[in-house]
2 protein chains.
Amino acid sequence: MGNVGTEVVRILRDRADDLKARVGAPVVIRGIAVRRIEIDRGVPEELLTTDADALVARDDVDIVVEVIGGIEKPRSLILAALNSGKSVVTANKALLADYTGEIAEAAERTRADLYFEAAVAGAIPVVRPLMQSLAGDKVNRVVGIVNGTTNFILSAMAATGAGYEESLAEASRLGYAEADPTADVEGYDAAAKAAILASLAFHTRVTAADVYREGISNVTAEDLATAKALDCTVKLLALCERVSDEDGKERISVRVYPALLPLSHPLARVDGAFNAVVVEAEAAGRLMFYGQGAGGAPTASAVMGDLVMAARNKFYGGRGPGESTYAKLPIAPMGDTPTRYHVNMEVADRPGVLSGVAAEFSKRGVSISTVRQEGAGEGARLVVVTHIAAESALAETVAALAELEFEVIVKSVLRLEGTEE
Amino acid sequence: MGNVGTEVVRILRDRADDLKARVGAPVVIRGIAVRRIEIDRGVPEELLTTDADALVARDDVDIVVEVIGGIEKPRSLILAALNSGKSVVTANKALLADYTGEIAEAAERTRADLYFEAAVAGAIPVVRPLMQSLAGDKVNRVVGIVNGTTNFILSAMAATGAGYEESLAEASRLGYAEADPTADVEGYDAAAKAAILASLAFHTRVTAADVYREGISNVTAEDLATAKALDCTVKLLALCERVSDEDGKERISVRVYPALLPLSHPLARVDGAFNAVVVEAEAAGRLMFYGQGAGGAPTASAVMGDLVMAARNKFYGGRGPGESTYAKLPIAPMGDTPTRYHVNMEVADRPGVLSGVAAEFSKRGVSISTVRQEGAGEGARLVVVTHIAAESALAETVAALAELEFEVIVKSVLRLEGTEE
């Protein structure tokens, strides 16, 4: 009974009549596992227990809602529930991204329901649209802002010009960042969600380990200023896309990193703790889903939708769609991932510098879209925006620039998303 | 096999392997009902028939996809399919909005699947999120731009300053308006979708006859200019909301009309033939869904998602959620509907005019938010923006203004949405 659990229990109790009408039968709370019973939670004490295992094992429990977080405890509880044919509703993205195979297989074995809409983007329906609404389409790309903490920090940096540390402190003060913000700011949370989204979009098992990940702790006030000058902003994006290898075979690339995004892009306007996910599919075209990506009530809304579906299935028979991994697409190495880059360099403004820098890009097949020189003399800036190039070619270019006889200091390399070539 | 049917058949044939993997069994086209067989459609001729009734009645047909449009023919085909326990996937908003009771009851009787994601907002998942994702939440409001033709015309009027007729002609030329555009421009199409959205959101049977409807054919270039001056635009909105009667009892209001919308509102940026739907729910907060609302491929994407779900249910057992009408909320009369208004008047700029006009509003309990006077002398303009007031009180005020001894000509009355009080 944390934030989300409290809201779920509140809705179950306050709206029991509606839920009964919608399910076809009453939804009854058999018990609530908590860490300590003593705290007054405003629910009848006989519902509370500290023995989650015993509660899950009870014969009169049909559906288990897991919103405790962590990995090991929820893993064993969820497996126990699924193995005995109980339906599971969970919001646990980290668990799903690490143990999706084991958990999904348990659900398939007993034909139990496993619902997890709340694991990605809070109240925003994304899991169900990908699994069901787009089940007859071919999804080519999913791009999302799926972490509220980092989006709050980056929005604050963009709005105020403040640095990362200062904006993180503000986020903590306002309750948008946890005491230990690592999972959010280093992109682990977004990577877990990216793994789940990619699994659903591409019918391939993707775990967090398959996701290339960079957080926002290295994003500077200067990066945001650069973005602003380019009519862009910086967002932490979760990107899942189909890419072709050199033989034209399909692979998938799943990655999380801060990127420049033109202000004209719909995701650029997603500010503060909001989330949004853009899905591009062959027949559907571009869809966007927007809403509150975290918080007790929004997450509880997603849990409750799943709970009603699981309860209906228990009552009427039937089952929600299970895991779909038939496509088994390989994961493209990050080095092969095609992206555009924005490279900000400090150079000495001397004859030959520009052509020397340009040569390093061109030697490695990185085609330049625009070059801008700012200032003059020793502290001059050279800003290069490339066409789409492979990550590895860009990395080699940046390494080579450091070796040039005239001085080039690469101040920042930012990937650029949401632009056409 | 119109626009949508052609795309559905294309996907069924081109992506048969994917569909088989996703459903668990092959999805086989048993037959395609067409008006004339002679046209070369690139499909084996033995699949084509002009006898839709016989095709639907065949024993080897499990699922019927209806994308023929119209009312009487699809109605009898869908009822025949449902009555014999066949699943139905339809994109027919007009039929559903008129005959929802009869069709839904047939589906309930035989426990057949009735899916209709494609009936509202094309490829955008809206039906499934409302029926499933928000099944445990309380939806208070749904506001959408759900007609691409009218949105194209209004977007063109806003961008070019052209009048309605000219912009409609442009829409026709580009294929965004049908030869007879009545259903779109007079709001019938949006009203059918509003009825469906309201039914799902409020668990109450709502038909097109319950929807208050105004189209866009009276919107003038001057209205758009006024909107622009107010940092607003004009959009044809479908609005479904819970409202309270004087005893605080819940009722619902469902209406379609062109309204002023601040440019800062997310729906104001939905341009051209795109659609978007905003859903406000108690726990979820505000969600937005955006994408292509019409066209062969996007609509086919929604049909295919439903088709895969219906096929899975046939194969594994189970059933999608049926109609939910338990709440049976009464429809509020339009006169009671609370809205803000923007009233544009031509007045003679004489002492006492302003106070005389203001008195007419105040007498009927319509509280004024702002008054602006433009110009002077005979052709002066008085622009009044009200606080939230009942539709009937505003209508009485406008009627009374025409009776004043000094001349007041009401040039336009526009409702104002998307603003806080």
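Chain A is the first sequence line, chain B the second, and so forth, proteins listed ahead of strands; every chain is numbered from 1. Computed from a prediction, not measured in an experiment: that's the story for all the values here.
- For the set B:Gly320, B:Gly305, B:Gly295, the entry with the most heavy-atom pairs within less than 4.5 Å of chain A is B:Gly305.
- Contact tally against chain A (heavy-atom pairs below 4.5 Å) for B:Ser301, B:Gly291, B:Ala327: the top residue is B:Ser301.
- At a 4.5 Å heavy-atom cutoff, the contact between A:Tyr326 and chain B is made by side-chain atoms alone.
- Between A:Tyr290 and B:Arg286, the side chains place no donor N or O within less than 3.5 Å of an acceptor N or O (distance only, hydrogens not considered).
- Across B:Val127, B:Leu287, B:Val8, B:Val308, the residue that shares the most heavy-atom pairs under 4.5 angstrom with chain A is B:Leu287.
- Within the model, atoms CG of A:Asn313 and CZ of B:Arg319 stand 12.0 Å from one another, a figure rounded to the nearest 0.5 Å.
- Contact count versus chain B (heavy atoms, under 4.5 Å) is highest, among A:Ala281, A:Pro266, A:Ala284, for A:Ala284.
- When side chains are defined from C-beta on, A:Phe289 counts as touching B:Pro125, because their heavy atoms get closer than 4.5 Å.
- Taking CD of A:Glu282 as the reference point, atom CD1 of B:Ile11 lies at 7.5 Å (rounded to 0.5 Å).
- With chain B as partner, the option from A:Ser133, A:Ala311, A:Ala302, A:Gly122 having the largest number of non-hydrogen pairs under 4.5 angstrom is A:Ser133.
- Both the backbone and the side chain of A:Ile124 come within contact range of chain B, judged by heavy atoms closer than 4.5 Å.
- Chosen from A:Ala283, A:Gly285, A:Gly318, the residue pairing most often with chain B at heavy-atom distances under 4.5 Å is A:Ala283.
- For the set B:Lys138, B:Arg128, B:Gln292, the entry with the most heavy-atom pairs within less than 4.5 Å of chain A is B:Arg128.
- Interface summary for chain B: among A:Ala297, A:Ala300, A:Gly317, the most heavy-atom pairs under 4.5 angstrom belong to A:Ala297.
- Contact of A:Pro321 with chain B is made through backbone and side chain together, with heavy-atom distances under 4.5 Å.
- Proximity to chain A at a heavy-atom threshold of 4.5 Å picks out B:Arg269 from residues 267-277 of chain B, in numerical order.
- Residues of residues 109-119 of chain A that come within less than 4.5 angstrom of chain B, heavy atom to heavy atom, are A:Arg111, A:Glu117 in numerical order.
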Residues B:Gln132, A:Gln132; criterion side chain to side chain contact (heavy atoms under 4.5 Å, CB included); working and verdict: CA-CA 11 Å; B:Gln132 301 190 28; A:Gln132 301 191 27; 3.6 Å; yes
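- A:Leu19 touches chain B through its side chain: at least one heavy atom from C-beta onward sits under 4.5 Å away, while N, CA, C and O do not.
- For the set B:Ala123, B:Pro298, B:Ala135, the count of heavy-atom pairs under 4.5 angstrom toward chain A peaks at B:Ala135.
- Closest approach of A:Met309 and B:Met131 over heavy atoms only: CE-O, 3.6 Å.
- The main-chain N or O of A:Ser324 is never found under 3.5 Å from a side-chain atom of B:Arg22 such that the two would form a donor-acceptor pair.
- Across B:Val303, B:Asp18, B:Asp17, B:Val27, the residue that shares the most heavy-atom pairs under 4.5 angstrom with chain A is B:Asp18.
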